Amino acid sequence: QVQLVESGGGLVQAGGSLRLSCAASGSIKRINAMAWYRQAPGKQRELVATITSGGNINYADSVKGRFTISRDNAKNTADLQMNRLKPEDTAVYYCNAGVVRYGFWAAQDYWGQGTQVTVSS
């Protein structure tokens, strides 16, 4: 099996910074894209940022210039550096990864349990 574990959430004032980390473990042959999503109360889960194994990156317009996604392919980790946080960034943040397990050809989607980020005004 594969597990994704997020860490680094918390409470921060507007304008502050947080760094989220995601660590994947288990029977992992290869990880394709890794991504961060978020879900605010009463809203649908939305994509925040993605990064491929080759380093191609995309961001949601709402976080461009403020958030930076990175990954370490050797360690199977992905981080999200969040700067100049706004109250509207408040949400549960989820790590997502497309993982090819040993003995399988196709990638499967895995999710972490989520970490709460709260930005006070």
Side-chain angles (χ1 to χ4, degrees):
Q1 260 294 7
V2 173
Q3 297 83 37
L4 300 183
V5 178
E6 301 106 333
S7 60
L11 173 64
V12 65
Q13 287 189 330
S17 299
L18 282 175
R19 188 176 184 89
L20 305 183
S21 295
C22 172
S25 62
S27 179
I28 298 171
K29 180 166 67 178
R30 185 178 71 251
I31 298 179
N32 295 336
M34 298 187 77
W36 287 94
Y37 286 75
R38 66 186 181 187
Q39 187 166 19
K43 294 188 177 181
Q44 288 189 328
R45 190 172 296 189
E46 64 174 354
L47 179 63
V48 175
T50 62
I51 183 168
T52 67
S53 57
N56 291 318
I57 292 172
N58 281 290
Y59 296 102
D61 287 342
S62 58
V63 307
K64 280 181 182 176
R66 300 188 298 122
F67 291 11
T68 302
I69 189 171
S70 60
R71 67 185 281 178
D72 185 326
N73 290 333
K75 296 181 179 179
N76 292 330
T77 59
D79 290 350
L80 185 69
Q81 177 66 42
M82 305 184 295
N83 298 328
R84 304 201 312 273
L85 282 160
K86 304 175 181 179
E88 50 263 44
D89 294 319
T90 295
V92 177
Y93 283 70
Y94 296 92
C95 179
N96 169 265
V99 179
V100 180
R101 295 165 57 193
Y102 287 108
F104 293 81
W105 289 103
Q108 295 174 286
D109 239 14
Y110 288 89
W111 293 87
Q113 81 286 354
T115 185
Q116 177 71 46
V117 171
T118 303
V119 184
S120 63
S121 57

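In this text the structure is predicted, and so the values were computed from the model without any measurement. Side-chain atoms are counted along with the backbone in the values below, which use heavy atoms only and exclude waters and symmetry mates.
Listed by chain and residue number, Gln116 satisfy the side-chain hydrogen bond (donor to acceptor under 3.5 Å, both in side chains) test with Thr118 (two or more places apart in sequence, or in another chain). Applying the side-chain hydrogen bond (donor to acceptor under 3.5 Å, both in side chains) test to Asn56 and every residue at least two apart in sequence or in another chain returns nothing. Every side-chain hydrogen bond (donor to acceptor under 3.5 Å, both in side chains) that Asn32 has, sequence neighbours left out, goes to Arg30. Applying the side-chain hydrogen bond (donor to acceptor under 3.5 Å, both in side chains) criterion to Ser53, with sequence neighbours excluded, gives no partner residue. Considering only residues two or more places apart in sequence or on other chains, Glu46 meets the salt bridge (Lys or Arg N to Asp or Glu O under 4.0 Å) condition with Arg38. Taking Ser120 as the reference, Leu11, Gln13 meet the side chain to side chain contact (heavy atoms under 4.5 Å, CB included) condition, with sequence neighbours excluded. With sequence neighbours left out, Arg19 forms a salt bridge (Lys or Arg N to Asp or Glu O under 4.0 Å) with Asp79.
Other residues sharing the hydrophobic cluster of Tyr59, ordered by chain and number and joined by side-chain separations under 4.5 Å: Val2, Leu4, Val12, Leu18, Leu20, Ile28, Ile31, Met34, Trp36, Val48, Ile51, Ile57, Val63, Phe67, Ile69, Leu80, Met82, Leu85, Tyr93, Val99, Tyr110, Val117, Val119. The hydrophobic cluster containing Tyr37 also includes Leu47, Val92, Tyr94, Trp111, under a criterion of side-chain heavy atoms closer than 4.5 Å among ILVMFWY residues, counted directly or through chains of members. Through ILVMFWY side-chain contacts below 4.5 Å, Trp105 is grouped with nothing and stands alone.
Arg101 and Gln1 make their closest contact through NH2-N, 4.0 Å (heavy atoms, listed as atom of the first residue, atom of the second, distance). Contact between Ala40 and Ala91 at its shortest, heavy atoms only, is N-CB, 3.8 Å. Smallest separation of non-hydrogen atoms from Ala14 and Ser121: CB-CA, 4.4 Å.
Among pairs with a residue in residues 63-74, those fulfilling salt bridge (Lys or Arg N to Asp or Glu O under 4.0 Å) read Asp61-Lys64, Arg66-Asp89, at least two apart in sequence or across chains. The stretch residues 6-36 participates, sequence neighbours left out, in these disulfide bond (SG atoms under 2.5 Å apart) pairs: Cys22-Cys95.
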